[in-house]
Structures are given as structure tokens and as C-alpha cells.
Amino acid sequence: MRKWLIVLVSTVLSLSLAFPAVANEKEGLRPEQTLYKADVRIDPKKKQVEESVEIQFWPKDSQAYVHVYPLAFTKEHKGELWDELLGKEVELGTYDENRILVQGKPVAVKRTGNVIEVPLSEAQSRPIVLSMDFTMKLPQNEGRMSYDEHAIWLGNWLPILAVKDQRGWHLDPYEPIGDPFFSENADYQVNVTLPDGYQLASTATDQAAIVDHSKPGQREFHLDAINVRDFALVIMDSTYHFKETKVGNTEVRTWYRNGDSEEQAVRNHTAAVEALQYFNSQFETYPYTEYDVVRVGGSINGMEYPSIVFLDGRHYLPNGDNAFVTVVHETAHQWFYSLIGNNQVDEAWLDEGFAEYATLAFLAAKYPKVGADRVLRRLKQGTITPYYVQEHLRPGQTLHAFPDNESYSDLVYSRTASMLWMLREAWGEERLHEVLRHYVSANRFGIANAASWKATLSEAAGEDAGAFLSYWINLDMSKQGEAAIWLEKLRQNQKNHGHPMEKEKAEK
């Protein structure tokens with residue numbers, strides 16, 4: 001066992017030296033950081049993926065649970081919400097597990113939906129290795145994991161450990177609304193073998209990848225990603241090109257295809273560059289050294305992953321008007337989702353709502369007319385709520401409680417962004433962003449929750465923010481008056497003293 005630990009520590013040290021952007025003590029590797037090691041062989045013509053995965057982790061229980069999200073696309077889903085996510089013309093995929101081993105020994109597993117329960121017999125005080133081999137025939141749909149004639153996009157495709165916290169295991173199924181995912185940071189070593197003529201973009205720093213040309217007609221990419229929440233990958237043929245600009249220590253790459261609007265590709269790239277610059281200045285510097293904005297097929301609109309986001313082809317059409325705003329929103333997710341994690345199933349407002357506020361702040365600073373229109377729309381959608389009160393809907397509820405995408409958007413995006421915009425009007429942008437920087441710093445690479453935000457907001461205000469949050473996030477109308485008084489006190493104190501309420505309390 002000691003020899004295995006020495007190997008693991010050596011690997012961790014070598015990887016941390018290779019990625020200085022996350023190598024300091026504050027940002028460094030946790031003693032119990034999980035490591036995913038994957039060897040992947042992709043056949044773009046057959047749309048087939050063969051993979052061997054090892055997960056090195058510290059057990060939290062007598063069993064482990066693994067989310068295998070591709071299993072969701074091996075069976076038919078019916079209903080309007082699934083049609084909106086996947087489209088009506090869907091081809092199912094297949095997912096065949098060839099073996100599952102714990103410490104090199106076969107185990108009998110239990111499958112429930114897209115979750116696999118793995119029994120563990122090892123002592124809980126040391127890391128163990130879970131190994132999985134599988135072959136996957138890709139599904140075709142309009143969603144996060146699919147393909148077309150020029151690309152394969154793989155979002156939420158690798159087996160990933162379920163989270164266990166003080167509330168227990170989080171084993172949520174794949175939902176057709178929102179982003180039904182919850183994951184902790186880990187390290188990834190992914191080897192991808194492709195035929196010649198194909199290229200890739202991933203969560204890793206692809207420009208630093210070691211490429212092995214020793215196999216005739218193939219290339220093997222050795223990819224490393226340190227301290228990230230997930231690992232996404234896009235395989236592209238030779239029709240793809242990219243534009244590249246460096247922002248601080250981060251290379252921003254925007255990928256597009258032959259036949260896409262060059263003007264719109266430039267607009268999307270400019271938005272990614274400007275947004276990364278702006279968010280760096282407002283919410284803490286982005287820690288990763290590459291950020292890819294990748295044109296995919298389907299109709300997913302935009303989808304965020306660490307260091308890479310997907311945009312569907314509608315964002316590359318001529319005269320795309322404000323299509324670039326999606327780029328800004330997905331870039332904001334590099335802070336609110338990637339850098340600060342949260343349970344996207346139970347508390348989606350913490351990433352979507354905060355990312356949407358960040359989008360509004362960027363647009364107000366860089367594109368005032370576009371920003372004013374979007375702020376007005378979000379405030380209207382986020383504050384006119386009698387129907388949602390009557391139906392007992394609110395931002396702070398689990399995904400399956402939302403009956404449709406409209407209510408999800410109005411409450412999770414618009415109402416949360418409206419709450420933050422009200423704080424901005426009371427405090428001013430500078431003060432609110434100072435508070436958000438503190439929130440980012442306190443939860444960097446970790447998991448935030450409603451209690452985290454309440455603590456940050458209460459501390460900054462100098463008074464308990466419970467009533468304010470109950471009104472905005474839980475739609476508790478009995479707290480409306482109390483929330484208004486709390487906000488007005490913030491406003492008057494900022495106007496009179498130019499500092500938060502804690503100074504007023506100290507002066508009493």
C-alpha cells in the first residue's frame with residue numbers, strides 16, 4: 001500500500017508542477033482528492049466509444065455510487081419536456097459494461113436508473129481503485145451528448161462519483177429540466193485515441209497535450225486537468241477552425257466550422273474574451289490556462305463545463321443579433337458552477353441565477369442598450385410572481401418540481417438575478433461585487449449552498465439576511481415587508497455612510 005501511495009503522491013506533484021495556475025497552497029490538491037484515469041478510443045465513423053476508467057478515491061461509506069449518465073439515453077423518454085431537451089427525432093445509444101472491479105477484484109453491482117451501486121469491502125481509511133470498462137454507441141439527439149456529420153460532443157459522459165454530504169448520498173436521476181448534475185472537484189488524466197484528421201477540445205489544457213503518433217493512422221492525446229468539476233470533450237473533423245486570444249494566463253479559443261458566419265464567429269470570440277476579462281476583474285482571476293468555446297450541433301443553446309462550453313449552430317448564423325449573450329452567460333458559469341460548485345438539482349439558482357446576474361452586469365458595462373433591455377426583461381419576469389406563489393413554486397426547489405422550462409427560467413434565472421440586481425441598486429455595483437468576490441474566495445473549488453450565501457450576505461450587511469432570502473428565494477410573501485425594510489436600510493446606510501451596516505452597528 002505504501003508503494004501505491006508513493007506513486008499517487010508523485011503523480012499529484014508532477015501534475016501540480018505542470019499546471020502552476022492551480023499550484024499554490026490555497027488552490028492546491030486536497031489530501032483526499034479523487035483521480036480519474038481514462039483510456040478512450042473513439043471511432044468517429046461508427047460513433048463508438050471504448051473506454052477503460054480507473055477512479056482512485058477515499059471511500060465515504062461501505063459502498064460507492066457512480067453516475068453513468070449515458071445510461072439515460074439507452075431507453076426512450078416520452079413527454080414534452082424530453083422533446084424540448086432531446087428533440088423528437090431521437091436515436092438511442094447503447095452502453096455495455098464489460099467489467100467492474102474494486103481493487104482488481106470483480107464485484108456484483110446494482111443498477112438503478114443511471115446510478116450504479118458498488119459494494120466496498122476495503123477499510124475506509126485508505127484510498128481504493130474502482131475500475132470500469134465499457135463500450136458505448138453514441139445516441140443521436142439535440143442535447144449534451146450526441147453527434148452530427150462534423151463533430152461528436154461529449155458532455156456528462158464519463159462515470160463520475162456521486163456526492164455524499166451531511167444530507168446523505170445524492171443519487172438524482174437525469175431530468176429534462178435544468179442541469180441535473182452535482183459533482184465535486186477531482187483530477188483527470190484522459191488519453192484519447194483518434195484517427196488522423198480529427199482534432200479535439202476538452203476541459204484539459206489541450207495545447208499542452210502530449211500527442212503520440214506512433215500508431216499508424218492514429219493519434220493519441222494525453223490530457224490532464226487538475227482540480228476541475230467534470231471533464232467534457234468535443235471531437236471535430238477538419239472543417240473546424242478556431243480563433244485565439246490570450247486573456248491574462250488563459251488562452252481563449254473559439255471554434256467554428258466551414259460555412260458558419262465568420263462575422264458571428266468573431267462576435268462570439270470577442271464576447272468570450274471580453275467576458276473573461278470583465279469577470280477576472282470583478283470576481284477573482286480565472287485559474288485555468290485554457291478556455292474553449294465550441295460550436296456543436298443539436299439545439300442545446302449553451303452548456304457549461306469546466307474550461308469549455310458548447311454552443312449550438314444557431315449562434316453562428318449570419319445576423320445572429322444578440323446570440324453572443326449566450327457566450328457571456330456560459331463564461332459566467334466558469335465562476336458560478338465551475339469555480340464555485342453547488343447542487344444543481346436542489347439549488348439551481350446558485351449557479352444559473354448568479355451567472356445570469358453576472359451576464360447582466362457585463363452587458364450593462366460593455367453593451368448598455370443590450371444590457372438595459374435584458375435587465376428590464378429579467379426584472380419583469382422575476383418580480384411578477386402571483387401565479388408562482390399560488391402554485392407554490394419558487395427558485396429554491398428541486399428540478400423535478402418545475403412543471404415547465406418557463407417557470408424554471410422565470411424563477412431560477414430571473415428572480416435570482418432580480419434579487420442580486422436589487423442588492424446592486426441598494427449597495428452599488430462596487431460594493432455588491434466586493435461581496436461576490438468574498439463569496440467566490442470563500443467557496444473556491446468547493447461546494448456552496450443557500451446557507452453559504454446567507455452567511456456571506458448577512459456578514460456583509462451586518463444583519464441577518466434570512467427574511468430577505470425567504471422572500472426572494474422561497475417566495476415567502478409573509479416576508480415581503482420585512483425584506484423591503486431590510487433592503488431600504490441597506491440603501492440608506494450606503495447613501496449616508498458609504499459602507500455596510502456593520503459599521504452602523506459598531507457606532508451604536
Whether the [X] and [Y] side chains hold a donor-acceptor pair (N or O, under 3.5 Å, no angle test) is what I'd like checked.
X: Asp83; Y: His77; result: no
X: Asn268; Y: His315; result: no
X: Thr205; Y: Thr289; result: yes
X: Asn405; Y: Glu84; result: yes
X: Ser307; Y: Tyr286; result: yes
X: Asp96; Y: Thr135; result: no
X: Thr456; Y: His438; result: no
X: Glu220; Y: Gln218; result: no
X: Asn156; Y: Tyr305; result: yes
X: Gln282; Y: His433; result: yes

How far does [atom1] of [X] sit from [atom2] of [Y], to the nearest 0.5 angstrom?
X: Thr254; Y: His269; atom1: OG1; atom2: NE2; value: 5.0 Å
X: Trp255; Y: Asp292; atom1: CH2; atom2: CG; value: 7.0 Å
X: Ser202; Y: Leu233; atom1: OG; atom2: CG; value: 6.0 Å
X: Leu161; Y: Thr34; atom1: CG; atom2: OG1; value: 5.5 Å

Taking [X] for its side chain and [Y] for its backbone only, find out whether a donor-acceptor pair lies under 3.5 Å.
X: Glu330; Y: Val293; answer: no
X: Asn343; Y: Val345; answer: yes
X: Ser338; Y: Trp335; answer: no
X: His333; Y: Pro306; answer: no
X: Arg229; Y: Ser183; answer: yes
X: Ser146; Y: Gly143; answer: no
X: Arg219; Y: Asp212; answer: no
X: Asp351; Y: Phe336; answer: no
X: Asp312; Y: Gly297; answer: no
X: Arg295; Y: Tyr256; answer: no

Should Thr398 and Asp346 be marked as a side chain to side chain donor-acceptor pair (under 3.5 Å) after you check the CA-CA gap, both sets of side-chain angles, and the distance that decides it?
CA-CA 4 Å; Thr398 190; Asp346 291 341; 3.0 Å; yes
Applying side chain to side chain donor-acceptor pair (under 3.5 Å), run through Asp187 and Asn227 and close with a yes or a no.
CA-CA 5 Å; Asp187 304 327; Asn227 218 359; over 6 Å; no
I'd like to know if [X] pairs up with [Y] as an ion pair, taking the criterion as any Lys NZ or Arg NE/NH1/NH2 lying under 4.0 Å from an Asp or Glu carboxylate oxygen.
X: Arg378; Y: Asp410; result: no
X: Glu262; Y: Lys243; result: yes
X: Arg144; Y: Asp179; result: yes
X: Glu184; Y: Lys60; result: yes
X: Lys45; Y: Asp43; result: no
X: Lys88; Y: Glu142; result: no

[atom1] of [X]: more than 12 outside heavy atoms within 6.0 angstrom?
X: Asn258; atom1: CG; value: yes
X: Glu263; atom1: CD; value: no
X: Glu80; atom1: CD; value: no

Centroid-centroid under 6.0 Å between [X] and [Y] rings:
X: Trp153; Y: Tyr147; result: no
X: Phe231; Y: Tyr36; result: no
X: Phe73; Y: Tyr95; result: no

Looking at every non-hydrogen atom in both residues, tell me the closest pair between [X] and [Y] and how far apart they are.
X: Leu158; Y: Ala38; value: CD2-CB, 4.4 Å
X: Trp157; Y: Glu51; value: CZ3-OE1, 3.2 Å
X: Leu399; Y: Ile177; value: CD1-O, 3.3 Å
X: Ala204; Y: Leu223; value: CB-CB, 3.7 Å
X: Ala358; Y: Ala332; value: CB-CB, 3.8 Å
X: Trp349; Y: Ala450; value: CZ2-CB, 3.7 Å

Anything under 30° is parallel, anything over 60° is perpendicular, the rest tilted; go ahead and classify [X] against [Y].
X: Phe445; Y: Tyr288; value: perpendicular
X: Phe283; Y: Phe279; value: parallel
X: His329; Y: Tyr413; value: parallel

List the atom pairs, with distances to 0.1 Å, where a side-chain N or O of residues 360-370 and a protein N or O form a donor-acceptor pair under 3.5 Å, not counting sequence neighbours.
{"unit_1": "Tyr367", "atom_1": "OH", "unit_2": "Glu274", "atom_2": "OE1", "d": "2.7"}
{"unit_1": "Lys369", "atom_1": "NZ", "unit_2": "Asp373", "atom_2": "OD2", "d": "3.4"}

Test log, rule side chain to side chain donor-acceptor pair (under 3.5 Å), inputs Asn449 and Glu347:
CA-CA 7 Å; Asn449 54 31; Glu347 296 181 322; 5.5 Å; no
Before giving the answer on side chain to side chain donor-acceptor pair (under 3.5 Å), spell out for Glu251 and Gln207 the whole-Å C-alpha distance, their side-chain angles and the decisive distance to 0.1 Å.
CA-CA 9 Å; Glu251 292 285 353; Gln207 295 177 92; 4.8 Å; no
Determine whether Arg257 and Asp148 satisfy the following criterion, side chain to side chain contact (heavy atoms under 4.5 Å, CB included), listing intermediate values before the conclusion.
CA-CA 12 Å; Arg257 302 176 180 177; Asp148 62 15; 2.6 Å; yes
Decide side chain to side chain contact (heavy atoms under 4.5 Å, CB included) for Gln334 and Val309; before the verdict, give the C-alpha distance in whole Å, the side-chain angles of both, and the deciding distance to 0.1 Å.
CA-CA 9 Å; Gln334 296 304 306; Val309 299; 3.6 Å; yes
Over-ring placement of Arg253 relative to Phe242, 6.0 Å and 45° cut-offs
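Because its charged atom sits under 6.0 Å from the ring centre and within 45° of the axis, Arg253 does stack over Phe242.
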Glu117 and Arg111: CA distance, side-chain angles, deciding distance, salt bridge (charged side-chain N to carboxylate O under 4.0 Å, His left out) verdict
CA-CA 6 Å; Glu117 179 183 337; Arg111 298 170 182 80; over 6 Å; no
Check step by step if side chain to side chain contact (heavy atoms under 4.5 Å, CB included) holds for Gln48 and Leu138.
CA-CA 6 Å; Gln48 183 171 295; Leu138 288 168; over 6 Å; no
